[in-house]
Protein chains: 2
Amino acid sequence: MTDAQPLYARVKDHILANIRSGAWEAGRRVPSENELVESFGISRMTANRALRELTAEGFLSRVPGVGTFVREQPALSSLMELRNIAEEIAQRGHRHSSRVMSKREIESNPALAEEFEDRSLKHLFHLLIVHEENGVPVQLEDRYVNPLVAPGFLDHDFTRTTPTAVLLSAAPVDELEHTVEAVLPSLEQQRLLAIGGLEPCLGLHRRSWSLGRVATVVTLTYPASRYALYSRHRTTARGTVSQ
Amino acid sequence: MTDAQPLYARVKDHILANIRSGAWEAGRRVPSENELVESFGISRMTANRALRELTAEGFLSRVPGVGTFVREQPALSSLMELRNIAEEIAQRGHRHSSRVMSKREIESNPALAEEFEDRSLKHLFHLLIVHEENGVPVQLEDRYVNPLVAPGFLDHDFTRTTPTAVLLSAAPVDELEHTVEAVLPSLEQQRLLAIGGLEPCLGLHRRSWSLGRVATVVTLTYPASRYALYSRHRTTARGTVSQ
DNA sequence: TGTATAAGGTTGTATATACAGTATAGTCGA
DNA sequence: TCGACTATACTGTATATACAACCTTATACA
C-alpha cells in the first residue's frame, strides 16, 4: 500500500509536514540543499527540485547565497468571499435558519479525487444544507470536506454553527478559487429551493486550500430573484485588497 | 536588451507564444523533449523542465508514452481584476473581434445620475459592444462613461482597442464594485448574443471609481454556456492578492 | 485471423558533475 | 579602525547519462 512515492515528493512532504505541524514557523530557515542531500541520501538535483517546487507553490522563499526559508503564511481574516451567510442575513435584520438534508461520510470517486488533488483520498464528508432567510430558501449548500484537514467535522450541529466557521477554526485558509456561473435548477434543486424550473440561479463553486491541501469543495446555488453576489474592492499599490 | 534569460525560460516562452498566437490550438501535440533537444540544442533535462513547468502552470498536459499536448484553456473571466477581454481571449490562443452597436453621447436621467453619484451630470457617453471569440458572441458590454473623467472617450476606435484599456490610460482606478446575478436574456440580448431565451446568462454589473468620481458603469452579460467567471486568490501576510 | 512478442518512441525520475552568481564571515593590511 | 580581499556556503542553471514505465506499431507465430 506504500505508494512508492518519488524521492522529491517525499522530501516535499517532509517539509510540508513540518510546516503544517507548526514545528517550523514562518521565517525559519529550512535545511539547505546539501543538508537534504546528507539527511535523505539523495542527489543535490533532487533536493533542488523539492525546494524549487515548494517555492513555486508559495510555501518557501529562497535567497541565493543565504538560504531557504518558510514563507510568511496566512492572515486568516477578512476574505471577502468567506462571509458567513448567517451573519449576512442577521446583518439585514432577518432571521436565518437552515435545514440539514444530508450529513455523512461518503466514498470518494475519480472526479472528486481530482478536485481534491489527492488520489489516495478514500473517504470524504458530505453536507447538503438549505439556508433560509425568514423561512424562505435562499441558498443551497452542497459541500465536500477533506477529513485530513477537519477530522471531527461531522460532529458539529450545523443548525447552530455554519460549516465555514467550523472549517476556519480547524485550519487556516491560504488560497481560494471561485467559479461563478448561471444555471437553470435541476429538479432536486427546484424542490429544495422551492422555485420553478425557469428561474435562473447563480452557481458559485469554491475550492479552498489549507497548507497545500484542498480543504473543502462547495457549490452554492442562489435563486436569482432572491440573491445576488456582491463585492467591493479597493486597489492599492500592492494589489487588490478585499474589503 | 538581451535579458540573458535561462534556456528553459526561452523554451517556455517559445511554446507560450505559439499558444497565444493561436498557431498551436488546443489538443495539438507539442514537440517532444527529444525534438526540443534537437531544435534548441539543449539537453533533455532542460527541455523536460520547460515542459514540466508549463504543465504545472496549466498550459500543457502530458501522457507518458504518448506525448505532450496543448490543454484546453477554459473560458473563464477574472472577477476581481480589470482584465481586458481581448487579452484574455488572445491568451487562450483564440481570435477576438468586436462589433460596436452603439457609440454616442446621451442625456442623463435620475437613475443614471444616482449610479454616478453626481446629480449635476447632464450628459454621458454610452457604448454597446458585442465581443466575439472566434466569431461567436461571448460578451455583451453595455457601458456608460463619465465625460468628466474621460472627455475624449468617444474618439477611439473600439474595434481596435477596448474601452477598459482607454479608461485605464485616461485615469487610475482606485475602487471597484461588482454585483453578479443570473438572468434570462431579454429579446434584444438574445438577438445580439445569438442565443435562445432559455439560456441563462451571467450579469456582471461593475462600477469603477477614479479619484473619488464614478468613472464608468458597465453591465457585462455572458451566456452561461460560453463563459464563466473565475477568480483565484492567495492570502499573504499583506492581504489578498489576486492571481 | 487472432494473438503474442519485439522494437522504438515518449514521459518520469534520479544521479554525478560543473560552473556562475550572490551573500556572509573572517582575515589581512594600511 | 576601517577597507579590501578571500574563503566559504548557498542557490541557480545546464549537461550527460541512466533506468523505469508506458504506449503504439510492426512483426512473427499459431
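Below, chain A is the first sequence line, B the second, and so on; all start at residue 1.
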**Request:** Map A:Gly67 and A:Asn48 onto DNA chain D by nearest heavy atom, then report which one ends up closer to the 5' terminus.
**Result:** A:Gly67
**Message:** By nearest heavy atom, map A:Ala9 and A:Arg44 onto DNA chain C; which one lands nearer the 5' end?
**Reply:** A:Ala9
**Message:** Heavy atoms only, 4.0 Å cut-off, all strands: where does B:Arg49 land among base, sugar-phosphate and nothing?
**Reply:** sugar-phosphate
**Message:** Please verify the inter-ring angle class for A:His14 with A:Trp24; under 30° counts as parallel, over 60° as perpendicular, anything in between as tilted.
**Reply:** perpendicular
**Asked** Atom CD of B:Glu33 and atom C1' of D:dA14: how far apart are they, to the nearest Å?
**Response** 15 Å
**Message:** Measuring to OP1 and OP2 of D:dT13, would you say a side-chain N or O of B:Tyr8 lies under 4.0 angstrom away?
**Reply:** yes
**Message:** Here's a test of your reading of the structure: between A:Met45 and B:Val66, which maps to the more 5' nucleotide of DNA chain C?
**Reply:** B:Val66
**Prompt:** Taking CZ from A:Arg62 and P from C:dG21, how many angstroms apart are they, rounded to a whole number?
**Reply:** 18 Å
**Message:** Can you see whether A:Thr219 engages A:His205 through a side-chain donor-acceptor pair at a distance of less than 3.5 angstrom?
**Reply:** yes
**Message:** Please report the distance, rounded to the nearest Å, between CZ in B:Arg52 and P in D:dT13.
**Reply:** 12 Å
**Request:** Report the nucleotide, chosen from D:dT11, C:dA14, D:dA14, that has the shortest atom-to-atom distance to any side-chain atom of A:Leu7.
**Result:** C:dA14
**Request:** Answer yes or no: are there more than 12 heavy-atom neighbours, outside B:Glu57 itself, under 6.0 Å from its atom CD?
**Result:** yes
**Message:** Categorize B:Leu51 for me: base, sugar-phosphate, or nothing, with a 4.0 angstrom heavy-atom threshold over every strand shown.
**Reply:** nothing
**Message:** It should be established whether B:Ser32 places a side-chain nitrogen or oxygen under 4.0 Å from OP1 or OP2 of nucleotide C:dG9.
**Reply:** no
**Prompt:** What is the distance, rounded to the nearest whole Å, between atom CG of B:Asn34 and atom P of D:dA16?
**Reply:** 13 Å
**Ion pair B:Arg95/B:Glu132, N-O distance below 4.0 Å** = no
**Complete:** Rounded to whole Å, CD of B:Glu53 lies from P of D:dA14 at a distance of 11 Å
**Message:** I'd like to know whether A:Phe153 forms a ring-ring contact (aromatic ring centres under 6.0 Å, His included) with A:Phe158, so could you lay out the CA-CA distance, the side-chain angles of the two residues, the decisive distance to 0.1 Å, and finally the verdict.
**Reply:** CA-CA 10 Å; A:Phe153 182 73; A:Phe158 293 114; 4.9 Å; yes
**Complete:** Of the candidates C:dT17, C:dA14, C:dG21, the side chain of A:Pro64 sits closest to C:dG21
**Item:** Separation of C:dT10 P from B:Leu60 CG (nearest whole Å)
**Value:** 16 Å
**Rounded distance (Å) that lies between atom C1' of C:dT11 and atom CZ of B:Phe69** = 11 Å
**Request:** Could you please name the option among D:dT11, C:dT13, C:dT15 that lies closest to any side-chain atom of A:Pro6?
**Result:** C:dT13
**Asked** Does A:Thr46 put a side-chain nitrogen or oxygen below 4.0 Å from OP1 or OP2 of C:dT15?
**Response** yes
**Message:** In this structure, how many angstroms lie between the P atom of C:dT10 and the CD atom of B:Glu38, rounded?
**Reply:** 11 Å
